[in-house]
Enquirer: 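Sending over a structure as structure tokens; questions will come in a sec.
A, B, ... follow the sequence lines: proteins, then strands. Residue 1 opens every chain. From a predicted model like this one, the values you see are computed outputs, not experimental measurements.
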Amino acid sequence: MNLSIAVPKGRLFEDTVNLFLKAGIIEEPLKEDSRKLIIEESKSGIKFFLVRAKDVITYVSEGIADLGVVGYDLLVEENPDVFHLLDLGFGYCKMVVAGKKGVNLNSISIKVATKFPNIARSYFRLKEVEPEIIELYGSVELGPLVGLSDCIVDITSTGKTLEENNLVVLDEIIEITSRLVSNKKSLYFKKSEISEIVEKISSSLNNSL
Amino acid sequence: MKRFLRSIILSKHNVIGAPSGFSFKQRNCLEIFNHLSEIVESEGFNYIDTPMFDFFEVYERTLGTYSTKELFVVKDESNEFLVPRYDITTQIVRFLGPRINDVKLPVKLYYFGDVFRAPDSEWHRKQIKQFGVEIIGSSNEEEIVSLLKKLLEKLRELKVIGEYIVVFNFTVVLDKLTEGFDAEDKELFIELLRVRDLTSILKVFGEKGKEISEIFKEFLRRSSEDVLKLVLSKIGAYDNVNKGFQAMRACFGDRILFDPLLVPQMNYYNGVYFVVYTSNSNDPIASGGRYDSLTQKFGYSQSAMGFAIDIP
């Protein structure tokens with residue numbers, strides 16, 4: 001099958017590999033710590049690119065990979081020109097606003113630390129607040145603890161990291177799961193191959209689109 | 001190391017590159033233009049050149065919110081908002097407005113020039129060289145579709161494009177699927193559909209979402225003919241849709257794909273609309289459709305249709 005799939009390393013990797021195994025798309029598990037960045041499934045001929053979660057969008061929207069697995073958080077943040085084919089259900093978490101108890105989210109001079117500046121800006125615009133956005137790349141929870149920001153906008157699944165740092169969820173923005181996405185041109189040029197993959201994944205998810 | 005530090009810290013370089021989305025090219029597009037213009041002139045099309053800048057209001061009046069986000073906007077010396085032309089069809093339709101009673105219909109025009117778009121993604125081209133044709137005052141869809149085929153075949157012969165596929169839909173399909181929606185809901189629905197975010201459509205629009213999911217599932221599994229039957233069973237029998245489908249099939253054979261969830265790039269279409277993808281480019285190579293309603297925005301009412309080819 002002349003297809004390529006971008007697989008995200010990190011949080012979604014294990015669930016993605018398990019789903020592909022269950023759906024019969026791969027026969028042997030892909031290994032996250034493999035030094036090989038392109039893995040070809042010998043039976044089907046499908047190529048898998050092991051990339052950073054955020055880069056999945058780039059590989060798919062630029063047509064280097066036909067398909068990819070990516071969190072809905074990144075799709076909302078980046079709004080890339082791709083098709084969302086399937087909700088894969090795993091990787092569930094919530095995009096939340098969090099901070100110390102009692103933070104006034106309607107303050108006109110609120111400072112927000114986040115990895116998701118577009119989502120944060122849209123959320124506060126609904127409140128008619130133009131926040132000062134401080135873009136961070138990791139450990140966003142540190143922001144309010146050291147006075148860098150008043151609150152954070154980030155994903156949380158169990159809430160444990162927030163709790164351990166004496167932060168609370170101040171508001172929930174959106175629910176997140178992972179999605180199978182496709183390049184637009186690929187869907188049209190390789191419709192039958194992509195349809196086969198979608199069918200296999202759908203049946204293993206027991207999810208009729 | 002000193003040279004590099006001078007370059008990064010003091011911004012002292014010998015080379016100034018093009019801004020993101022713009023580039024220098026040495027390919028002679030005029031040669032392609034000459035080949036294509038020879039074909040359209042033999043079919044009675046006349047050349048038109050349009051202004052490089054136009055009033056913001058012209059595009060604001062005709063484009064949806066999604067497209068107006070992609071406009072570059074500048075001010076002239078009298079503080080008037082101007083837009084480097086985003087779409088040449090709009091300019092031509094507007095140009096004909098005051099002259100429509102004085103010209104012999106149908107008016108058949110072609111153009112070649114740059115359009116400027118500011119997409120979200122830094123990867124996309126912001127200056128696009130287009131060759132386009134418009135027929136105003138005729139409802140003969142076959143003429144424009146067969147001309148599209150001739151031009152695409154010429155581009156293949158010139159090795160400008162590879163294999164291609166024409167993906168098309170009809171505005172009545174999306175109108176029927178959004179019947180009863182207010183303007184804001186319709187806009188949200190269409191934007192979610194543009195990326196096929198069916199999960200959000202299901203959550204936000206309930207039953208309508210289920211219908212869309214079913215259509216998408218059938219689109220993936222079935223042939224274009226079967227999808228057409230399914231869609232007509234849902235929206236009602238539309239002769240124009242059936243005829244339009246047959247015309248595309250007759251012209252392009254197996255190179256067509258009917259996608260009932262395809263969202264038009266321009267919101268002024270009111271009939272068949274299409275995009276053409278080619279094997280050697282990630283972005284569509286051409287797009288177009290029927291746009292009678294655009295003429296009404298400029299004070300007259302005529303059948304009109306056209307397309308633009310983005311020269312790679």
Side-chain angles (χ1 to χ4, degrees), chain A residues 2 55 57-67 70-89 91-92 118 174-203 205 207-209, chain B residues 66 69-70 119-124 162-169 191-204 209-224 227 254-259 261-263 265 274-285:
Chain A
N2 179 21
D55 294 338
I57 285 176
T58 307
Y59 281 91
V60 176
S61 65
E62 292 308 306
I64 308 301
D66 300 303
L67 297 169
V70 63
Y72 190 57
D73 48 339
L74 291 174
L75 292 171
V76 176
E77 174 65 21
E78 309 264 336
N79 190 22
D81 196 23
V82 297
F83 287 142
H84 309 195
L85 297 186
L86 270 180
D87 186 340
L88 302 176
Y92 178 83
N118 293 327
I174 198 165
E175 288 178 309
I176 309 288
T177 47
S178 53
R179 305 287 167 91
L180 179 73
V181 296
S182 94
N183 173 267
K184 288 190 170 179
K185 185 182 101 177
S186 297
L187 181 66
Y188 295 130
F189 262 88
K190 301 179 181 179
K191 188 168 139 279
S192 60
E193 291 96 324
I194 289 178
S195 172
E196 194 183 323
I197 297 286
V198 170
E199 288 277 345
K200 281 181 176 176
I201 294 178
S202 293
S203 358
L205 287 172
N207 169 9
S208 55
L209 273 177
Chain B
Y66 182 81
K69 280 193 289 192
E70 293 193 339
D120 274 346
S121 156
E122 60 186 276
W123 292 84
H124 283 88
E163 288 298 320
Y164 64 86
I165 189 164
V166 182
V167 186
F168 66 101
N169 193 13
E191 291 316 318
L192 291 171
L193 200 56
R194 195 183 292 280
V195 293
R196 305 290 191 278
D197 185 355
L198 305 186
T199 308
S200 299
I201 289 180
L202 261 171
K203 282 183 186 166
V204 178
K210 283 187 191 159
E211 197 179 6
I212 297 290
S213 291
E214 193 194 331
I215 292 174
F216 187 54
K217 206 190 309 180
E218 293 305 305
F219 164 77
L220 286 176
R221 286 178 182 159
R222 313 263 178 229
S223 68
S224 288
V227 176
D254 289 340
R255 285 208 170 100
I256 59 156
L257 194 56
F258 171 52
D259 177 1
L261 302 182
L262 177 72
V263 171
Q265 191 186 8
F274 46 82
V275 288
V276 183
Y277 282 92
T278 172
S279 54
N280 58 340
S281 166
N282 189 40
D283 293 323
I285 181 84

Enquirer: Side chains of Tyr72(A) and Thr199(B): do they bring a donor and an acceptor to under 3.5 Å?
Expert: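 Tyr72(A) vs Thr199(B): no donor-acceptor pair found between side chains.
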Enquirer: Do Leu198(B) and Asp87(A) make a side-chain contact, defined as non-hydrogen atoms from C-beta onward lying under 4.5 Å apart?
Expert: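 No, too far: nothing below the 4.5 Å cut-off.
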Enquirer: Say you draw a straight line from OG of Ser186(A) to CG of Asn282(B); how long is it, rounded to the nearest 0.5 Å?
Expert: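 Going from the OG atom of Ser186(A) to the CG atom of Asn282(B) covers 7.5 Å.
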Enquirer: At a heavy-atom separation under 4.5 Å, does Leu187(A) approach chain B through its side chain, its backbone, both, or neither?
Expert: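 The answer is the side chain of Leu187(A).
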Enquirer: Of the non-hydrogen atoms in Asn280(B) and Lys185(A), which two are nearest, and what is the gap between them?
Expert: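 Heavy atoms of Asn280(B) and Lys185(A) come nearest at N-NZ, 4.3 Å.
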Enquirer: Decide side chain to side chain contact (heavy atoms under 4.5 Å, CB included) for Leu220(B) and Glu199(A); before the verdict, give the C-alpha distance in whole Å, the side-chain angles of both, and the deciding distance to 0.1 Å.
Expert: CA-CA 9 Å; Leu220(B) 286 176; Glu199(A) 288 277 345; over 6 Å; no
Enquirer: Give, as side chain, backbone, both or neither, the part of Ile165(B) having an atom under 4.5 angstrom from any heavy atom of chain A.
Expert: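 Backbone plus side chain of Ile165(B), per the 4.5 Å heavy-atom cut-off to chain A.
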Enquirer: Would you call the rings of Tyr188(A) and Phe219(B) parallel, tilted or perpendicular, where under 30° means parallel and over 60° means perpendicular?
Expert: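 Aromatic pair Tyr188(A)/Phe219(B) classed perpendicular.
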Enquirer: Between Asp283(B) and chain A, which part of the residue has a heavy atom less than 4.5 Å away: side chain, backbone, both or neither?
Expert: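 Contact with chain A: none, neither part.
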Enquirer: Is Val195(B) in contact with chain A via its backbone, its side chain, both, or neither, using a 4.5 Å heavy-atom distance?
Expert: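 Both the backbone and the side chain of Val195(B) come within 4.5 Å of chain A.
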Enquirer: Could you tell me which portion of Arg255(B) (side chain, backbone, both or neither) has an atom closer than 4.5 angstrom to a non-hydrogen atom of chain A?
Expert: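 Contact with chain A is absent: no heavy atom of Arg255(B) under 4.5 Å.
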Enquirer: Evaluate Arg196(B) against Lys184(A) for side chain to side chain contact (heavy atoms under 4.5 Å, CB included), listing each step before the verdict.
Expert: CA-CA 10 Å; Arg196(B) 305 290 191 278; Lys184(A) 288 190 170 179; over 6 Å; no
Enquirer: Which region of Lys203(B), side chain (C-beta onward) or backbone (N, CA, C, O), has a non-hydrogen atom less than 4.5 Å from a non-hydrogen atom of chain A, or is it both or neither?
Expert: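 Only the side chain of Lys203(B) comes within 4.5 Å of chain A.
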Enquirer: Checking Ser279(B) against chain A: side chain, backbone, both or neither under 4.5 Å from a heavy atom?
Expert: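 Answer is both: backbone and side chain atoms of Ser279(B) are under 4.5 Å from chain A.
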Enquirer: Output the distance between atom NZ (Lys217(B)) and atom OG (Ser195(A)), rounded to the nearest 0.5 Å.
Expert: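 So the gap between those two atoms works out to 11.5 Å.
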Enquirer: Under 4.5 Å heavy-atom distance to chain B, tell me which part of Glu196(A) shows up: side chain, backbone, both or neither.
Expert: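 Contact with chain B is absent: no heavy atom of Glu196(A) under 4.5 Å.
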